[in-house]
Amino acid sequence: MKKTVLIIYSQLYDTSALALKDFFESDGKYDVISVYDRQYDNFCLLRAYQGLYKLTYRHAPALNNVVINLPTAEVTRSKDNEGNIVPYKPNSQTFQRWRKFDNISMRFDADYVICTTQYSIHKAVIAREKYNLGGKIFALVTDYDLQDNFVSHDVDGYFVITQKCKTALIDKGIDEKIIFVVSMPLKTPTAIKRSKEDVRKQFNIRNELPIITMVGGRYGSKHLCDALVSVCENKEYNFIVIDGGNSLIEKKFKKLGKKDGKSVSNNVYFVKSGNEMERAYYISDCILSAPTSAITYEALLHKIPLLLIDSANNVETKNSKFLVSNGYAYSAINKDRLLIALEKYKKDKKEWKKHCENKFKLNGCQQVLDCINAIDRGDDPQECLVVKEVIEDTVKDADNISVVNQEKAPEDTKATKKKRRWFGGK
């Protein structure tokens, strides 16, 4: 009999959740159910919360940090006088608004529950305890660093995409044996059969200038527009601006030619649909983006130099710091740094690509599936994630053709460790 995997996600963070859903379904070993927030929560309350989230995301980052924590504030585990966690009461009025979520949890009683948001993690834990459900609960954290409200000591495992995030969880008291470092679960890039020249023409680009694709993340219109203003006089590039249907960016750009005597470039192409990203990646020389995890990871997966505009809140700030400090991206948070980054990425391009090749190459969906399969077999899931670093030494034997693979010794690794590159520094 097939086991059941329940994926609980928010429409605001659905990239990895839907990629996992498709991958698990294609594997054929599991029945997969995916449930997004509007299906398990009060729609009016959800709409109000999302509206508040969007409003504060760009315009009030400090307040947004409070908004992010609102959904999980009411599910803090209380303790008795002796410090023991107090059990949940099934009839508690506090949790009546979660009735839809409880019904979904009981209906499927999934063998594995994968949650991609802080809210759903805490809800799933409570539902399991209230109704004695038997499934294992996993949290999927796709940012490069940890948000504190992702922490729950009641889940059975964490899927994270960086060692830094794993270390932060360990510092919070989570057992390292249940933390699995995987690559970002994303859909396999679609193969483009057309030539790059043909794809350039599909975007109506008729020249041979290099291409910078600009994308602002979920709510990056303001910062994306500011970045475009910073480079709009540069006639050495084409700019593909993926605005997600936000016409304000295009309107503001068109007014620049009439204001302050600016001579804006004609090589700017506005794209309304985010579905064009795959074709844009195919022909782009670099990506100018907000530091949202999925978009930045996609750019690095395609080995396209990444320039990061200003971050919106603590989540994006953590992402940006991680990428820039580890040499995976360039800082472009203002006009001066953006112009410097444009010059530096051209000089560092070959070295940068080599630097990223080992980090951003594995299939995160496959790794998550391998972990689940290992748990099914009763094996240690950590074993399937071990990738031994191997060097090749050519050894001449009698036939002069033998090649011996040897594992790199710890002392050799330490001796050959390179100094960290700071590509984003001013």
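It should be emphasised that the depicted structure is a prediction, and the values quoted were computed from it without experimental measurement.
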- Message: Which residue is it: Leu209, Ile304, Ile211? I am looking for the one with a side chain to side chain contact (heavy atoms under 4.5 Å, CB included) to Asp285.
- Response: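 The passing option is Ile211.
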Keeping the roles fixed (side chain from [X], backbone from [Y]), state whether a donor-acceptor pair exists under 3.5 Å.
X: Asn334; Y: Asp336; value: yes
X: Trp352; Y: Tyr328; value: yes
X: Ser34; Y: Ile7; value: no
X: Thr116; Y: Ala17; value: no
X: His302; Y: Glu298; value: yes
X: Gln366; Y: Asn363; value: no
X: Ser320; Y: Glu316; value: no

Within the structure provided, determine whether [X] and [Y] are in side-chain contact (heavy-atom separation under 4.5 Å).
X: Ile137; Y: Asp154; result: no
X: Thr15; Y: Leu186; result: yes
X: Lys177; Y: Asp380; result: no
X: Asp156; Y: Arg128; result: yes
X: Gln118; Y: Gln147; result: yes
X: Tyr131; Y: Asp109; result: no
X: Thr142; Y: Tyr297; result: no
X: Lys123; Y: Tyr40; result: yes

- Task: Quickly, which of Asp27, Asp31, Asp376, Asp111 forms a salt bridge (Lys or Arg N to Asp or Glu O under 4.0 Å) with Lys3? Name it, please.
- Result: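 Single salt bridge (Lys or Arg N to Asp or Glu O under 4.0 Å) partner of Lys3 among Asp27, Asp31, Asp376, Asp111: Asp376.
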From [X] atom [atom1] to [Y] atom [atom2], the distance as rounded to the nearest 0.5 Å:
X: Ser183; Y: Leu362; atom1: OG; atom2: CG; value: 4.0 Å
X: Met184; Y: Ser293; atom1: CE; atom2: OG; value: 4.0 Å
X: Ser289; Y: Leu306; atom1: OG; atom2: CG; value: 6.0 Å

Please check if the number of heavy atoms outside [X] that lie under 6.0 Å from its [atom1] is greater than 12.
X: Lys346; atom1: NZ; result: yes
X: Lys350; atom1: NZ; result: no
X: Lys321; atom1: NZ; result: no
X: Lys359; atom1: NZ; result: yes

- Task: Begin from the C-alpha positions of Tyr30 and Asn373 and carry the test side-chain hydrogen bond (donor to acceptor under 3.5 Å, both in side chains) through to its verdict.
- Result: CA-CA 10 Å; Tyr30 300 92; Asn373 285 337; 2.6 Å; yes
Would you confirm whether the ring centroid of [Y] sits within less than 6.0 angstrom of the ring centroid of [X]?
X: Phe203; Y: Tyr269; answer: no
X: Phe159; Y: Phe138; answer: yes
X: Tyr158; Y: Phe150; answer: no

- Query: For Arg377, which residues count as a salt bridge (Lys or Arg N to Asp or Glu O under 4.0 Å) partner, sequence neighbours excluded?
  - Reply: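 Here the qualifying residues are Asp379.
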- Test: Lys318 cationic atom under 6.0 Å from Tyr144 six-membered ring centre, within 45° of axis: no
- Does Lys21 count as lying over the ring of Phe23, i.e. NZ or CZ under 6.0 Å from the six-ring centre, within 45 degrees of the axis?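 Geometry flag: not set, cation outside 6.0 Å or 45°.
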- Shortest non-hydrogen pair, Pro185 vs Ser16, comes out as O-OG, 2.9 Å
- Any idea which heavy atoms bring Lys166 and Val181 closest together, and the distance? CD-CG2, 3.7 Å
- Given the rule in the side-chain hydrogen bond (donor to acceptor under 3.5 Å, both in side chains) test, do Ser120 and Thr117 qualify, once you have shown the distances and angles that lead to the verdict? CA-CA 6 Å; Ser120 59; Thr117 67; 2.8 Å; yes
- Query: Any ion pair linking Glu276 and Arg279 (charged N to carboxylate O, less than 4.0 Å)?
  - Reply: yes
